[in-house]
> 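Take a look at this one; I'll ask things after.
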Amino acid sequence: AVNTARAMKAVDPTIKVGVLMVPGGGQDVYCEWNTTVARMAGPVADFVVVHVYAPKVVKDVPISPQQEVNLIESTMGVTEQIDHHLKEYHKMVKEQCGRELPLAATEFNIGAVTNTPRPYRYTFAAALECADMMRVFLKPENGVAMAHYWQLANGYWGMLQSSGTLSEPTIDKRPAFPVFKLFVEHLGETLVATEVDAPLQSAFGYLGAYPADADEYEPGGEVLATIGSEEILSKVYFEKFNTEEAAASLEGDVFIVDIDGLSQKRYPTFATVDIPTGIEGPCDFRFSYEARFIGEPDKPTPSATIGLMDKRGYSQTGSAVSVSGGTAHEWTEYSGILNALVDATGVTLVARLEDGGGMTGRLEVRNMQIEVIRKERFPEYPLLTAMATISEDGETTTLIVINKSEVLDIETDILLDGFDSKSARLWEVNAPGLLAQTDVAQTKTAEPLPLDAGDATYVFPAHSITAIEFSR
């Protein structure tokens, strides 16, 4: 990456080069990939690329009605966490490469890659989340130079979906389209400081989103228990390896997987570890181990590593992590963190044998350790968020407000400090509910809003986005 960036700049010194962080909701800012890239490539980079997808919904994993409630609450609340994580990216980059770099959110959306029980990426909740992400990206202190909704047209995520022919096209507008249309049409030239005092909502948490139920931010990371190699090895079982292509065994304190002509990817489990009794509150799991692969001479090292997943299984939870960086021929240490579901009670260890092209050799693993660590927790999130801008001529101040509640209409006093408003009009987009995929539309257009000495009172409807233009 460093050599490529330098070669590009040698041809065109004005070119701007970005370096890519691990995609997600920002829960792994300090992971090995991010810190290594920032340290080694940061000195030649002009910006840091982040792909923001949260919360995470995994394909084909069942979602109960209560889990769907948790998901939607986390979808509405996760933008406050993304705000926090953006600041962490800046801190990490400065620590690793000694300089400040702007961020580029070149992709952002909800992290939902499923159509069952519904395509959450096409819900009104996802649309409001993305609009609120724009509010967060525009905050000067977050240093986001650019942000791109993924994606505008067609593909898996497109807010516009086309069909028919070139001469007779049909355009299907997903919920994000009217939301972004309102946002863009009423965004002014210069940001104005905005303060909001609104009702709060807790969120249980979901994949890619921390719990939002604390009185104040709790950083997490405290080690609550350590489960050493001896205890892990005492829980090892071998029945998942009963194939001609892979067999597991123990030799002293070394866990061994012998592989003979692996024809397809396999993910056999081999140990389950519970959270020790007496530990309260949601936890994550930091897993470390040493491994080496003894393979055929002069052949590249295949992908044969260890991972963690929720003890209830990946097909039931979608919660797992591969703890690897490639498998070396010499003993090498690996570590990673499973950002677990809030109700996780333990983890299962998985051998990730991902080279199905006839892999043959021996994977040796030793010094396995699991640390049960305190999960980060965030405060309850405000049900109203807002941003304000002023026009280039200074004659119009626009307030954009999102009501994230599924059920509450929220009466709000709007106080303008230093702006003598003589009239106000409002535009609004709403839907039947946060899970709605259709009937999302602009419900109010240039509706007059009464003023009292330049200020106003308005009831923001549940699950809505409203733009109010105040004119001198």
> Would you find a donor on one side and an acceptor on the other, under 3.5 Å apart, between the side chain of R312 and the backbone of T317?
no
> Strictly by modelled atom types, are Y334 and E32 linked by a side-chain donor-acceptor pair under 3.5 Å?
no
> Please verify the inter-ring angle class for F378 with H85; under 30° counts as parallel, over 60° as perpendicular, anything in between as tilted.
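Correct class here is perpendicular.
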> Is a side-chain donor or acceptor of T194 paired with a backbone partner of V192 at a separation under 3.5 angstrom?
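It does hold such a pair.
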> Using modelled atom types only, decide if a donor and an acceptor are shared between the side chain of R121 and the backbone of Y156 within a distance under 3.5 Å.
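Present.
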> Please answer whether the main-chain N or O of D28 pairs with a side-chain N or O of N34 as donor and acceptor at a distance below 3.5 Å.
yes
> Check for a donor-acceptor pair, side chain of Q81 on one end and backbone N or O of Y210 on the other, with a separation under 3.5 Å.
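Confirmed, Q81 side chain pairs with Y210 backbone.
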> Got a sec: does the NZ of K240 have more than 12 other heavy atoms crowding it under 6.0 Å?
no
> Assess the side chains of D132 and T79: does a donor N or O sit below 3.5 Å from an acceptor N or O?
yes
> Between F180 and Y149, does the ring centroid distance fall short of 6.0 Å?
yes
> Answer yes if the side chains of E376 and Y217 hold a donor-acceptor pair under 3.5 Å, and no otherwise.
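Yes, a side-chain donor-acceptor pair sits under 3.5 Å.
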> Quick check against the 3.5 Å criterion: does Y289 have a side-chain atom that pairs as donor or acceptor with the backbone of I306?
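Side chain of Y289 to backbone of I306: a pair is present.
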> Indicate the ring-plane relationship of W157 and Y53, choosing parallel, tilted or perpendicular according to the 30° and 60° boundaries.
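Rings of W157 and Y53: tilted, 30 to 60°.
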> Might you confirm whether atom CD of E141 has over 12 heavy atoms from other residues, nucleotides or ligands at distances under 6.0 Å?
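Enclosed: over 12 neighbouring heavy atoms sit under 6.0 Å from CD of E141.
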> Assess the side chains of D393 and S391: does a donor N or O sit below 3.5 Å from an acceptor N or O?
yes
> Using modelled atom types and a 3.5 Å cut-off, is there a donor and acceptor pairing between side-chain atoms of K375 and backbone atoms of P282?
no
> Give a yes or no answer on whether the side chain of R174 reaches the backbone of A127 with a donor-acceptor pair at less than 3.5 Å.
no
> Please tell me whether N154 and S162 have a donor and an acceptor in their side chains that are separated by less than 3.5 angstrom.
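There is such a pair between these side chains.
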> For the atom pair CD1 (I410) and OG (S405), what is the distance rounded to the nearest 0.5 Å?
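Answer for the CD1-OG pair, I410 versus S405, is 5.5 Å.
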> Using every non-hydrogen atom in the two residues, find where V401 and L384 come nearest and quote the distance to one decimal.
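The answer is CG1-CD2, 4.1 Å.
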> Looking at K87, I want to see if its NZ is surrounded by more than 12 non-hydrogen atoms of other residues, nucleotides or ligands under 6.0 Å.
yes
> Could you check whether F108 and F137 have their ring centres less than 6.0 Å apart?
yes
> Keeping the roles fixed (side chain from N109, backbone from Q151), state whether a donor-acceptor pair exists under 3.5 Å.
no
> Is there a donor-acceptor pair under 3.5 Å between the side chain of D439 and the backbone N or O of P432?
no
> Taking the side chain as every heavy atom from C-beta outward, state whether V48 and H90 have any pair of such atoms under 4.5 Å apart.
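Sidechains of H90 and V48: no contact.
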> Is it the case that over 12 heavy atoms from other parts of the model lie below 6.0 angstrom from the CE atom of M40?
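Incorrect, the count does not exceed 12.
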> Could you list the residues that satisfy side chain to side chain contact (heavy atoms under 4.5 Å, CB included) with P461, not counting sequence neighbours?
D409, E428, N430, Y458, S464
> Return yes when atom NZ of K91 has more than 12 non-hydrogen atoms of other residues, nucleotides or ligands closer than 6.0 Å, and no otherwise.
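Atom NZ in K91 is not packed in, count stays at 12 or less.
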